[in-house]
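Report on the structure given below.
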Amino acid sequence: MQPQPADNAARSVIDIAKLSLTFETGDGPVHALSDIDLNIGAGEFVSFIGPSGCGKTTLLRVIADLEAPTGGTISVNGMSPHEARLARAYGYVFQAAALYPWRTIAENIALPLEIMGHSREEQAERVRRNMELVDLDGFERKYPWQLSGGMQQRASIARALSFDPDLLLMDEPFGALDEIVRDHLNEQLLKLWAKTDKTVVFVTHSIPEAVFLSTRIVVLCPRPGRIYDIIDNPLPRDRGLDIRETAEFLKVAHRVREGLRAGHSYDD
Amino acid sequence: MQPQPADNAARSVIDIAKLSLTFETGDGPVHALSDIDLNIGAGEFVSFIGPSGCGKTTLLRVIADLEAPTGGTISVNGMSPHEARLARAYGYVFQAAALYPWRTIAENIALPLEIMGHSREEQAERVRRNMELVDLDGFERKYPWQLSGGMQQRASIARALSFDPDLLLMDEPFGALDEIVRDHLNEQLLKLWAKTDKTVVFVTHSIPEAVFLSTRIVVLCPRPGRIYDIIDNPLPRDRGLDIRETAEFLKVAHRVREGLRAGHSYDD
Amino acid sequence: ADDVTLQLKWVTQGQFAGYYVAADKGFYEEEGLNVTIKPGGPDVAPVQVLAGGAADVMVDWMPSALAAREKGVPVVNIAQPFARSGLNMVCRKETGIEKPEDFKGKTLGTWFFGNEYPLYSWLAKLGLPRDGSAEGVTIQKIGFNVDPLLQKQADCITAMTYNEYWQIIDAGIPESELVVFNYTDEGVATLEDGLYVLEDKLKDPAFVDQMVRFVRASMKGWEYARENPDEAADIVLENDATGAQTEKHQRRMVREINKLTEGTDGTLNMVDYEQTVKTLLSGGSTPVITKVPEGATSTAVTDKL
Amino acid sequence: MAAALLGTVSAYPAAASHGFWAYVLVAWAMAWLSVEELSGLTPQSPLGQRLVALAIPLAFGVWLLILWQLAVVGFGVPRVLLPAPSEIWLRLLSSPQILWEDFRQTFLKAVLIGYALGCGSGFLVAILVDRVPFLRRGLLPIGNLVSALPIIGVAPIMVMWFGFDWPSKAAVVVIMTFFPMLVNTVTGLAAADRIQHDLMHTYAANYLQTLLKMRLPMAMPFIFNALKINSTLALIGAIVAEFFGTPIVGMGFRISTEVGRMNVDMVWASIAVAALAGSLFYGLVTLIERVVTFWHPSVRG
Amino acid sequence: MTEAGTFQTPSRSPFAGLMSGTAGPVIVVVAAIIAIWYLAAVLLNTPFQRDIYQRGGIENPPLAQLVADTLSQPRPVLPAPHQVAEEIWKTTAEKSITSKRSLVYHSGVTLSSTLLGFIIGTGLGIALAIGVVHSRVLDKSLMPWIISSQTIPILAIAPMIIVVLNAIGITGLLPKAMISTYLSFFPVTVGMVKGLRAPEAIQLDLMKTYSSSTAQTLWKLRLPSAMPYLFASMKVGVAASLVGAIVGELPTGAVAGLGARLLAGSYYGQTVQIWSALIVAAVLAAGLVSLIGLTERVVLQRMGMAR
Ligand SMILES: Nc1ncnc2c1ncn2[C@@H]1O[C@H](COP(=O)(O)OP(=O)(O)OP(=O)(O)O)[C@@H](O)[C@H]1O
Ligand SMILES: Nc1ncnc2c1ncn2[C@@H]1O[C@H](COP(=O)(O)OP(=O)(O)OP(=O)(O)O)[C@@H](O)[C@H]1O
Ligand SMILES: Cc1ncc(C[n+]2csc(CCO)c2C)c(N)n1
Ligand SMILES: [Mg+2]
Ligand SMILES: [Mg+2]
């Protein structure tokens with residue numbers, strides 16, 4: 001597999017070349033990422049999929065400047081990830097909800113808005129809009145520990161969306177949601193993406209989700225974490241949930257599943 | 001819907017009648033559960049499915065004596081949940097991993113064994129066996145914060161299995177896992193269940209998972225949380241992954257999806 | 001009026017009645033002085049206060065003043081209102097101590113902070129080491145009260161005639177059960193409460209003049225206290241900000257103090273001074289001062305009284 | 001630079017001009033920069049890191065001492081108020097015997113024993129208070145009361161009860177260290193969150209197991225907080241207690257008597273020993289803390 | 001099938017209401033302490049009383065008399081609770097609060113420098129902790145010296161501080177308060193450094209993704225998560241502050257305040273007076289600590305952190 005520029009000649013948002021990352025632990029080094037080459041263009045929706053522990057989160061964290069690579073180069077919006085972070089280039093949804101327990105749900109969602117200095121009314125308006133989007137209206141004044149796991153995760157999604165970043169980095173945002181909400185949010189996300197032309201980098205462990213959402217799917221495999229396959233998704237940008245029954249969809253899903261299976265050592 | 005005893009005339013493990021639970025919050029009462037009637041027989045595999053926030057976790061916590069109902073009755077193994085807990089009647093997998101940061105993964109898995117007074121060798125042996133089961137061998141001496149989200153969740157599953165309880169209460173145990181691992185663990189769990197005749201109460205938000213694993217599926221709906229449907233699964237106890245392509249499977253899945261959709265208010 | 005700050009050696013009590021009387025009766029005012037009296041305490045080293053410039057004149061015992069002088073703080077005695085020493089060593093009779101030689105093998109409690117010097121000189125004279133051996137004595141630093149004697153933690157303790165001695169009596173131990181050694185009788189007396197200033201300040205005639213007026217008024221205060229001991233004690237009580245002193249004790253204290261200030265106009269008796277220096281120089285292995293001090297006294301003030 | 005400054009000062013004592021102080025200011029800025037430089041260093045080897053971690057406070061301290069020396073000499077501060085570091089140093093060198101005996105009396109006896117007893121009892125009472133809700137509500141307020149007893153009030157009483165020697169000082173230390181330990185342990189024992197409790201609950205873990213396997217580890221950061229605060233409190237307590245009656249040995253005794261004798265250099269030599277001993281003690285506790293609470297974010301990150 | 005009633009509340013005894021609050025247990029514990037105190041008073045005061053009997057030629061006095069006498073000595077080793085209570089009553093309720101013999105007056109004096117010192121100390125402690133957490137230079141160079149500063153016996157330098165401050169014209173409340181500050185800033189610094197570093201990595205990462213300024217991270221994340229640590233340290237700090245104020249009252253010439261009272265009692269061997277000053281000081285401290293506890297409850301409640 002070699003790095004592929006996006007099909008459309010759009011401006012490149014993320015450029016990764018020969019990237020590697022090794023954690024030093026008390027127990028010897030862990031090679032979390034090795035020799036990653038990847039370009040992501042503006043407006044793309046790229047999913048990372050791969051076995052648990054293969055480095056998806058780590059790669060996303062490198063893009064977000066939360067982890068420093070030990071080798072290779074990476075640029076975000078033509079800048080170093082550090083500069084990009086300072087320029088507030090992206091919104092990040094963590095694998096865990098990471099809500100602050102001393103803030104109500106509404107206050108948690110308003111957090112980035114406060115930090116970025118939006119006016120009070122603006123904050124209130126955006127919080128309202130995004131809470132509705134993730135179907136949490138009515139829970140504004142509850143504290144995180146009074147919410148179910150799925151509700152917490154939705155709150156954290158609303159928080160990342162609230163300040164409307166051009167680049168969305170999402171780490172298994174829908175992991176704790178049931179199929180229906182998930183479908184609903186998948187559609188919402190797709191709509192949002194189509195409407196606003198955001199670039200999305202999305203970690204998931206659901207094959208249908210990856211295929212349904214993405215323009216490209218990056219399959220990673222573990223020990224050391226590296227790219228096993230990059231699959232261009234030929235489905236039209238404008239898709240409904242029913243596309244999942246088409247042969248085209250199943251074909252892509254099959255290829256993803258093959259790639260995923262290769263990363264595992266189960267003999268089933 | 002009325003309470004249904006298990007098909008086989010087996011001993012009843014969980015009996016719930018007219019159960020309700022209301023949380024008092026600073027912001028008014030939340031009716032998490034209302035009027036729940038449910039019997040679960042020995043050796044059953046029952047899944048709870050339902051929209052996020054409908055009370056699945058709460059119901060599981062009531063069974064585990066982690067939450068006291070505000071109305072109705074419940075018995076576990078013919079005892080009150082409290083006595084059942086003291087008799088260590090069940091193993092519980094939490095929605096969050098809840099590993100202790102000062103213990104290595106192996107030590108975390110050994111925790112219940114220590115508490116229940118198993119010998120050192122026994123502990124070591126069971127830790128080894130269960131870490132292998134969830135595919136974590138090699139990470140014995142890592143600390144929780146050095147593991148990916150999915151790996152943490154697998155560790156917490158191994159921890160619950162380690163002391164071999166007759167009743168397993170699992171709250172979205174496979175939520176953070178990719179499809180392949182999930183399939184693998186689904187099969188392992190099913191094998192374990194078939195072999196050991198455990199009773200399993202399983203919360204999930206994946207319809208195929210619920211249908212694949214369960215003998216019965218309980219569909220909950222929210223506000224207030226109540227039982228919408230209880231579906232007997234006619235699939236044979238002995239199933240392979242390929243059963244998911246059968247018409248029977250899809251029929252059950254369809255019924256579950258219908259129930260699930262009814263609990264949501266999306267107009268799609 | 002000229003501002004003068006006086007630093008006392010100890011807390012407000014009858015021991016300093018003369019100064020409080022002078023202030024209260026307006027004697028200082030009459031001399032055109034505005035005097036602030038700063039009480040001392042267990043950890044106030046008046047010498048430090050003087051050196052730091054927070055006081056103009058201090059009440060101190062001669063041993064610690066001379067020691068400070070040798071350490072490089074040039075304090076000078078300008079007047080000596082206390083003509084006699086009030087220092088005693090008080091023992092319980094049951095310990096079998098009848099004469100100073102019986103101290104051998106016993107435990108003696110003393111104050112430190114410069115107040116241990118007279119005792120050290122005495123012990124040196126008696127030839128008793130302070131190492132706690134059977135041939136010597138065990139020295140303990142005692143707090144500010146007589147409990148160690150009452151609790152039998154020490155066989156003897158230092159006590160002032162005007163204060164601690166009466167506390168022992170008040171505690172219910174009759175005189176008949178005590179053996180009292182007077183430092184003056186034992187020939188190891190040192191001069192107590194004197195007035196000291198920094199040497200170079202005396203070069204300033206205006207300051208000398210202030211001090212003349214100050215000492216004159218103070219001595220007048222002492223005289224008044226001798227004539228009206230009860231009133232003097234009341235004045236002290238009034239000035240005691242802690243409100244902890246009792247009338248009975250203070251009245252008795254002023255009477256005892258009066259015995260020490262009797263018959264002096266404040267001029268330092270050089271014979272007593274020589275005796276003090278001699279005692280301090282004979283402090284055994286660690287003499288208080290190592291050489292005869294020079295210029296430690298001045299008559300610049302008392303000459304003009 | 002420092003040498004030049006010191007040279008200037010000894011050449012012209014008490015003749016500090018504006019220029020001189022400007023000079024001192026420059027020296028201060030340089031000190032800051034050099035420390036900045038040092039803390040920027042991140043050597044690879046653990047030994048190197050250890051050395052840098054030691055060198056920085058030392059460098060800082062040396063500059064503090066130089067400044068102190070300059071200030072004392074430059075302002076012509078009376079020796080009986082504040083001696084110069086050089087004098088203190090000379091005194092340290094000339095009286096190791098006395099200082100060692102004081103150290104043994106005060107630190108090795110009163111402080112260590114009092115610290116162990118005080119922290120130990122604070123810990124045990126915290127466990128008790130935590131276990132018995134009745135005591136938590138009844139004893140905790142009283143515990144606050146007892147431990148807030150001011151040492152200078154307690155010290156004479158302890159002398160009265162336990163005699164002149166170190167036991168009375170240890171008793172004062174016990175009283176002083178008890179409260180911080182109690183408060184912190186009680187807070188720490190409540191630090192575990194709900195899901196961690198639930199986990200132990202599902203195992204029907206008994207009280208002792210929950211305590212040993214979850215609540216105590218969770219409480220460790222708080223307990224070490226108390227151990228650290230107490231390590232310095234204990235020393236202060238023992239020294240101050242010696243102001244109120246003691247055999248004629250001990251750091252507190254030395255400090256209080258030598259002030260009266262105007263041997264202020266000796267006072268500061270004792271203080272220096274106390275500071276060094278206290279800092280090392282604190283450092284030791286910190287080291288143990290890092291080992292025990294390696295998992296806490298404040299240590300991990 | 002068992003009833004949900006197995007989640008029963010504990011049976012209601014007539015005392016249940018009394019014992020479940022704070023008042024009941026405190027009263028019981030206090031009663032126990034007073035009982036032990038009386039016993040100790042008898043035991044500790046007996047030797048001296050026996051000496052008195054011996055002197056008076058009284059042999060084998062009845063036990064009742066011995067007990068009565070040991071509990072009414074004028075200067076006992078350990079005064080009996082009622083003696084202390086009587087003294088406290090006399091020096092609080094029966095004296096006008098402006099009188100120098102009123103313990104209320106002396107408490108006021110001590111309290112004012114305690115509070116001033118505590119406020120400055122807490123402020124300083126928090127400021128230092130913030131500096132240490134944010135600056136490597138401060139962390140590495142200052143922290144060890146902050147620690148060393150606490151190993152300096154304050155009583156030894158207190159007189160010098162006060163002399164120096166007096167010499168440069170600072171008198172009155174401030175010098176005493178500075179000793180309180182000196183003692184109280186340290187627990188706050190240590191606790192806050194720990195607290196400010198307590199946020200989980202993921203919580204800090206979240207702030208990083210917003211490229212939030214240091215001040216924002218401090219204000220919105222570090223400070224809130226440091227709150228439990230802050231209050232625990234403030235409780236220790238306020239007690240230390242009171243000790244500091246009392247210690248500071250000695251070298252200021254022991255003019256007024258509980259410390260002066262304690263010392264004066266000590267000079268004249270008036271144990272009853274020492275103990276009443278001690279008790280008042282302790283009550284004061286307990287009051288301050290519980291005031292902070294109350295603030296803690298309110299603040300944490302409003303922050304949604306008290307469950
Ligand atoms: N802070 C760390 N220290 C040491 N090792 C780490 C650390 N963080 C992650 N790792 C290791 O790096 C590897 C990749 O982890 P990562 O979290 O990126 O996996 P992932 O693909 O996101 O998995 P999952 O799907 O389970 O979330 C894992 O083996 C993990 O143990
Ligand atoms: N401790 C609590 N205090 C107040 N309300 C609570 C508490 N715990 C849960 N709830 C409320 O109870 C309802 C049910 O929560 P529960 O956690 O059982 O949902 P769930 O079905 O498990 O959802 P999910 O799939 O998202 O985990 C929710 O509305 C939630 O807000
Ligand atoms: C720390 C200390 N201890 C004892 C004394 C001795 N002293 C000198 S005068 C005096 C009052 C006598 O009633 C006392 C007790 C002191 N000055 N400082
Ligand atoms: Mg991950
Ligand atoms: Mg849930």
Side-chain angles (χ1 to χ4, degrees), chain A residues 23 25-28 30 32 49-58 94-97 104 135-136 138-143 146-154 171-172 174-184 187 204-208 223 240-241 256-257 260-261 263-266 268, chain B residues 23 25-28 30 32 49-58 94-97 104 135-136 138-143 146-154 171-172 174-184 187 204-208 223 240-241 256-257 260-261 263-266 268:
Chain A
F23 289 107
T25 73
D27 199 35
V30 174
I49 196 164
S52 164
C54 70
K56 304 181 292 294
T57 297
T58 306
F94 288 90
Q95 197 165 355
T104 62
D135 203 32
L136 272 182
F139 290 86
E140 289 79 6
R141 294 171 52 201
K142 293 271 185 294
Y143 286 95
Q146 296 177 318
L147 257 57
S148 76
M151 294 158 97
Q152 291 182 23
Q153 205 170 19
R154 281 183 276 153
D171 193 356
E172 308 195 19
F174 307 141
L177 302 179
D178 70 278
E179 216 154 290
I180 308 290
V181 187
R182 197 163 182 151
D183 285 353
H184 171 69
E187 274 192 299
T204 179
H205 50 251
S206 158
I207 298 171
R223 299 180 207 183
L241 280 170
V256 176
R257 179 165 294 116
L260 205 49
R261 187 155 292 153
H264 285 281
S265 48
Y266 307 126
D268 54 329
Chain B
F23 288 108
T25 73
D27 200 33
V30 174
I49 196 164
S52 166
C54 69
K56 305 180 292 294
T57 298
T58 307
F94 289 90
Q95 201 165 351
T104 61
D135 205 32
L136 273 181
F139 289 86
E140 288 80 4
R141 292 170 53 198
K142 292 272 184 293
Y143 285 94
Q146 297 175 323
L147 256 56
S148 77
M151 293 159 97
Q152 291 182 22
Q153 204 170 20
R154 282 182 277 153
D171 194 355
E172 306 195 19
F174 307 140
L177 302 180
D178 69 279
E179 217 154 290
I180 308 291
V181 186
R182 199 164 180 149
D183 285 353
H184 171 70
E187 274 194 300
T204 179
H205 48 251
S206 159
I207 298 172
R223 297 177 209 185
L241 281 170
V256 175
R257 179 165 295 116
L260 205 48
R261 187 156 293 154
H264 285 280
S265 48
Y266 307 125
D268 56 330

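Each chain gets a letter, A, B and so on, in the order the sequences are listed, and its residues count up from 1.
Only the side chain of Phe139(A) comes within less than 4.5 Å of a heavy atom of chain B; its backbone N, CA, C and O stay farther away. Using a 4.5 Å cut-off between heavy atoms, Thr57(B) makes no contact with chain A at all.
Heavy-atom minimum distance, Gln153(A) versus Glu172(A): NE2-O, 2.9 Å. Between Ser52(B) and Ser148(A), the shortest heavy-atom contact is OG-OG, 3.6 Å.
Counting heavy atoms from C-beta on, the side chains of Leu136(B) and Met151(B) come closer than 4.5 Å.
A donor-acceptor pair under 3.5 Å is formed between the side chain of Lys56(B) and the backbone N or O of Gly50(B).
Of the listed residues Lys142(A), Arg257(A), Gln146(A), the one with more heavy-atom pairs under 4.5 angstrom with chain B than any other is Lys142(A).
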